[in-house]
Amino acid sequence: MVDWLRRLLCIAAVLTMSTSAYAESEPIGYVKTHAGAAFVVTGGETLEAFPGLSLHESDHIRTGEDGQLGLTLLDNTVMSVGPNADLVLEEYLFRPGEGDLGLGVRLLRGTLQFISGVIAKLRPEAVKVRTTTGTIGVRGTRFLVRAED
Amino acid sequence: MTELRGYPRARRLAAALAGCLALAGCAPKSWVVLLPNEDGSTGRIIVTGPGGEAEVARAGQAATLDTSVPKTFDASEQQIQETFGGALAAQPALPTVFRLYFELGGTQLTPESVALLPSVLNEVAGRPGADISIVGHTDTAGRAADNEALGLERATFVRDRIVEAGLRLDRISTESHGEGNPLVPTADDVSEPRNRRVEIVVR
């Protein structure tokens, strides 16, 4: 009995480990354009942006005074930020086959253009753009946001 | 001397302030504005603050994000350009979809699709840091399991053509939807040329 339990826990632990490793390795999108000071902060590392740089859940997109950055996500969502921006890619789930859909980003400061993709088409209520003071619910569309204190 | 130099600056500031106040839509610090989509249509956003929400459903209509209840206003083209010029300039090309069609039961492209292949490769080459999704599909002729495999063969065939053109493999995803995701729904065991296809999204 105890042996069984131990074996079960062992399997569970291995499964958990492999799923989280899988999640970490899967890109959710890529940098497409950049100008001036433009960075991707991923797992505590700050990388200078270049076209084709992969993006992952919870990455920050940061730009300096002369910075710009454009990116696309796997569901064809397109985003671009202007100078002095800090955008967090908080949540991304795109497994349409299993019905797992979610997209949440937070604009801490700066300006953002958001052009919605397949997730907003399939499940609009699963897409949220947040600032420190408000939330934008997306109903399949293109818009601009500015967040400043 | 300092006073003389300081004076016009103060006047400029006053003039700017007056101009700002004169504009009905003197933009707040944090706000959102709706734009038309590329196809000319306009969607809708719901803006929620701590004290309430507002709907924005017209291109050029904006809402405050730094008030408890969002207030709607009309943003001028000039305000939009001044505030969002950088974000707009950084917009990447929108994703493009291609469909390539196949002859019955294999990975032979139709003559029309052979002719289309160079424009797919051009699109990839013209986009710095392009990433690509390739999904293979079949018609319902034959067994579903065989079609699953055939869909993947078709997707892989297209991937190999793209890789030959020099794109990095780690930015290409390849999968099969077999006979399960037809463009034209049919009964089982129906040969339908429009369903024998690969869909390519170039981002």
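Here the structure is a predicted model, which is why all the values come from computation and not from measurement. Reckoned from all heavy atoms, side chains included, excluding hydrogens, waters and symmetry mates. Just so we're on the same page: letters track the sequence lines, and every chain starts at 1.
- Between atom OG1 of residue A:T132 and atom CG of residue B:D66 there is a gap of 9.0 Å, rounded to the nearest 0.5 Å.
- Nearest approach of A:F143 to B:V32, heavy atoms of both residues: CD1-CG2, 3.7 Å.
- More than 12 heavy atoms of other residues, nucleotides or ligands shown are found within 6.0 angstrom of CD on B:Q81.
- Of the inter-residue distances, the one linking A:L107 atom CG with B:S30 atom OG reads 8.5 Å to the nearest 0.5 angstrom.
- Ranked by heavy-atom pairs shorter than 4.5 Å toward chain B, the options A:S116, A:A85, A:G52 are led by A:G52.
- Within the 4.5 angstrom heavy-atom criterion, no atom of B:N181 approaches chain A.
- Proximity of B:E38 to A:I115: side-chain heavy atoms (C-beta onward) are nowhere separated by under 4.5 Å.
- Environment of CD in A:E48: sparse, with no more than 12 heavy atoms of neighbouring residues, nucleotides or ligands closer than 6.0 Å.
- Atom CD1 in B:I45 sits 7.0 Å away from atom OG1 in A:T141 (nearest 0.5 Å).
- Looking at A:D149, only its backbone comes within 4.5 Å of chain B, counting heavy atoms on both sides.
- Atom OG1 of A:T133 and atom CH2 of B:W31 lie 14.0 Å apart (nearest 0.5 Å).
- For B:K71, the NZ atom counts as loosely surrounded, since its 6.0 Å shell holds 12 or fewer non-hydrogen atoms of other residues, nucleotides or ligands.
- Most heavy-atom pairs under 4.5 Å with chain A, from the set B:G85, B:A90, B:G43, B:G86: that is B:A90.
- Residues A:T33 and B:Q91 are not in side-chain contact: their nearest non-hydrogen atoms beyond the backbone lie 4.5 Å or more apart.
- A donor-acceptor distance shorter than 3.5 angstrom exists from the side chain of A:S80 to the backbone of B:A87, with no hydrogens or angles considered.
- For A:L73, the part lying near chain B is the backbone, with the side chain staying farther off; criterion is any non-hydrogen pair under 4.5 Å.
- Ranked by heavy-atom pairs shorter than 4.5 Å toward chain A, the options B:V47, B:D131, B:N37 are led by B:D131.
- Looking at B:A62, there are no atoms closer than 4.5 Å to chain A (heavy atoms on both sides), in backbone or side chain.
- Atoms OG and CZ, on B:S41 and A:R142 in that order, are 11.0 Å from each other to the nearest 0.5 Å.
- If you measure heavy-atom distances from A:V81 to chain B, the contacts under 4.5 Å come from the backbone alone.
- The minimum heavy-atom distance between A:T111 and B:T83, with the atom names listed, is CG2-O, 3.5 Å.
- Between atom CD of residue A:Q68 and atom CG of residue B:L88 there is a gap of 9.5 Å, rounded to the nearest 0.5 Å.
- Interface residue A:T135: backbone and side-chain heavy atoms are both found under 4.5 Å from chain B.
- Taking A:V129, A:N76, A:V78 one by one and counting their heavy-atom pairs under 4.5 Å with chain B, the maximum is reached by A:N76.
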Margin query: Between A:R139 and B:I46, is the side-chain contact (heavy atoms from CB on, under 4.5 Å) condition met? List the steps.
Written below: CA-CA 8 Å; A:R139 303 292 180 262; B:I46 313 292; 3.9 Å; yes
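- In this structure, the side chains of B:R203 and A:L74 come closer than 4.5 Å at one or more pairs of heavy atoms.
- Side-chain contact between A:I136 and B:V56 is absent, with no heavy-atom pair separated by less than 4.5 Å.
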